[in-house]
Amino acid sequence: MIEFHLDARSGVAPYMQLIQQVRHAMRLGLLKEGDKLPTVKDVVARVAINPNTVLKAYRELEYEGLVQPRPGLGTFVTRTLGGEAEVAAHEPLRRDLEGWLAKARDAGLGDESIEALFANTFRRFSAARAGRRG
């Protein structure tokens, strides 16, 4: 089951952070069709968030067709976002990324510096690739 966390420094609304975490878990194969999301009560207790915020996130996921509430039972995943081939490719890439993270730590970079370096590099890489296609 997914365990939510919130980052007050991110600038992203709490309900959107929950939505993003569910989407990411689906893409990584951590949440599959039929899996149950934590109850609103459990999320509220875990991350100290307003129940209406959790409900808003779950409603948005339902609107997107990713989850479906079942009265008295909970909210369940109705489809996934990553294909089997994509999920299978994750583990070797995760190991490579963990190696890169270890090198970044060894170089003395903290969390914010690592996030900034990754985000900047990712944006530049994506922009360069998009430029080659166009």
Side-chain angles (χ1 to χ4, degrees):
M1 183 182 288
I2 188 170
E3 286 193 26
F4 293 112
H5 58 276
L6 295 178
D7 181 359
R9 300 173 302 137
S10 73
V12 177
Y15 87 97
M16 281 303 303
Q17 290 184 49
L18 298 179
I19 291 169
Q20 289 171 349
Q21 289 172 44
V22 169
R23 287 182 189 147
H24 289 168
M26 289 175 167
R27 286 202 187 287
L28 295 173
L30 303 174
L31 279 176
K32 298 178 178 69
E33 190 174 330
D35 286 349
K36 182 179 176 184
L37 294 182
T39 66
V40 172
K41 183 178 177 181
D42 288 343
V43 177
V44 167
R46 171 97 168 105
V47 295
I49 190 173
N50 186 307
N52 290 329
T53 303
V54 181
L55 287 168
K56 182 176 182 179
Y58 282 15
R59 276 194 305 270
E60 179 66 26
L61 290 164
E62 179 185 6
Y63 176 76
E64 293 175 12
L66 298 175
V67 302
Q68 181 178 26
R70 296 183 192 155
L73 298 175
T75 301
F76 294 83
V77 174
T78 55
R79 66 183 180 98
T80 59
L81 294 175
E84 286 184 35
E86 184 179 330
V87 171
H90 290 169
E91 200 49 44
L93 294 171
R94 183 187 324 270
R95 284 192 298 274
D96 289 348
L97 186 54
E98 287 172 351
W100 180 85
L101 289 168
K103 288 178 187 175
R105 284 276 192 244
D106 291 346
L109 275 66
D111 288 353
E112 288 187 29
S113 294
I114 290 171
E115 288 176 14
L117 177 60
F118 181 84
N120 179 268
T121 305
F122 179 75
R123 278 192 298 274
R124 288 176 49 198
F125 176 82
S126 296
R129 302 255 325 201
R132 276 192 255 146
R133 288 188 205 128

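Position 1 is the first residue of the sequence; numbering continues from there. In this text the structure is predicted, and so the values were computed from the model without any measurement.
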Using every non-hydrogen atom in the two residues, find where [X] and [Y] come nearest and quote the distance to one decimal.
| X | Y | answer |
| --- | --- | --- |
| Val67 | Tyr58 | CG2-O, 3.8 Å |
| Glu112 | Arg9 | OE2-NH1, 2.6 Å |
| Ala57 | Leu18 | CB-CB, 3.9 Å |
| Thr80 | Leu31 | CG2-O, 3.7 Å |
| Pro14 | Leu6 | O-CD2, 3.9 Å |
| Phe4 | Val47 | O-CG1, 3.2 Å |

Pairwise distance [atom1]([X]) to [atom2]([Y]) - rounded to 0.5 angstrom:
| X | Y | atom1 | atom2 | answer |
| --- | --- | --- | --- | --- |
| Leu61 | Thr75 | CG | OG1 | 9.0 Å |
| Arg23 | Ile19 | CZ | CD1 | 6.0 Å |
| Glu3 | Gln21 | CD | CD | 10.5 Å |
| Trp100 | Leu117 | CH2 | CG | 4.5 Å |
| Leu73 | Gln68 | CG | CD | 11.0 Å |
| Asp106 | Leu101 | CG | CG | 11.0 Å |

- Just wondering, do Arg105 and Asp111 contact through their side chains at under 4.5 Å, heavy atoms?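 Answer yes - side chains close enough.
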
- Item | Pairwise side-chain contact, Gln17 with Ser10, heavy-atom cut-off 4.5 Å (strictly under) |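 A side-chain contact under 4.5 Å exists here.
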
- Message: Check for me, please, whether Val12 and Phe118 land in the same ILVMFWY cluster - side-chain distances under 4.5 Å, paths through other members count.
- Response: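 Unlinked, Val12 and Phe118 end up in two clusters.
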
- Can you get from Val43 to Met16 by hopping between Ile, Leu, Val, Met, Phe, Trp and Tyr side chains that sit under 4.5 Å apart?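 Yes: a chain of side-chain contacts under 4.5 Å links Val43 to Met16.
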
- Message: Side chains of Thr53 and Asn50: any donor to acceptor distance under 3.5 Å?
- Response: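 No pair is found: no donor N or O on one side chain lies under 3.5 Å from an acceptor on the other.
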
- Test: Arg70 cationic atom under 6.0 Å from Phe76 six-membered ring centre, within 45° of axis: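 Judged by the rule (NZ or CZ under 6.0 Å from the ring centre, within 45° of its axis), Arg70 counts as positioned above Phe76.
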
- Item | Side chain Thr78, main chain Leu66, donor-acceptor under 3.5 Å |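 Pair found, side chain donor or acceptor close to backbone of Leu66.
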
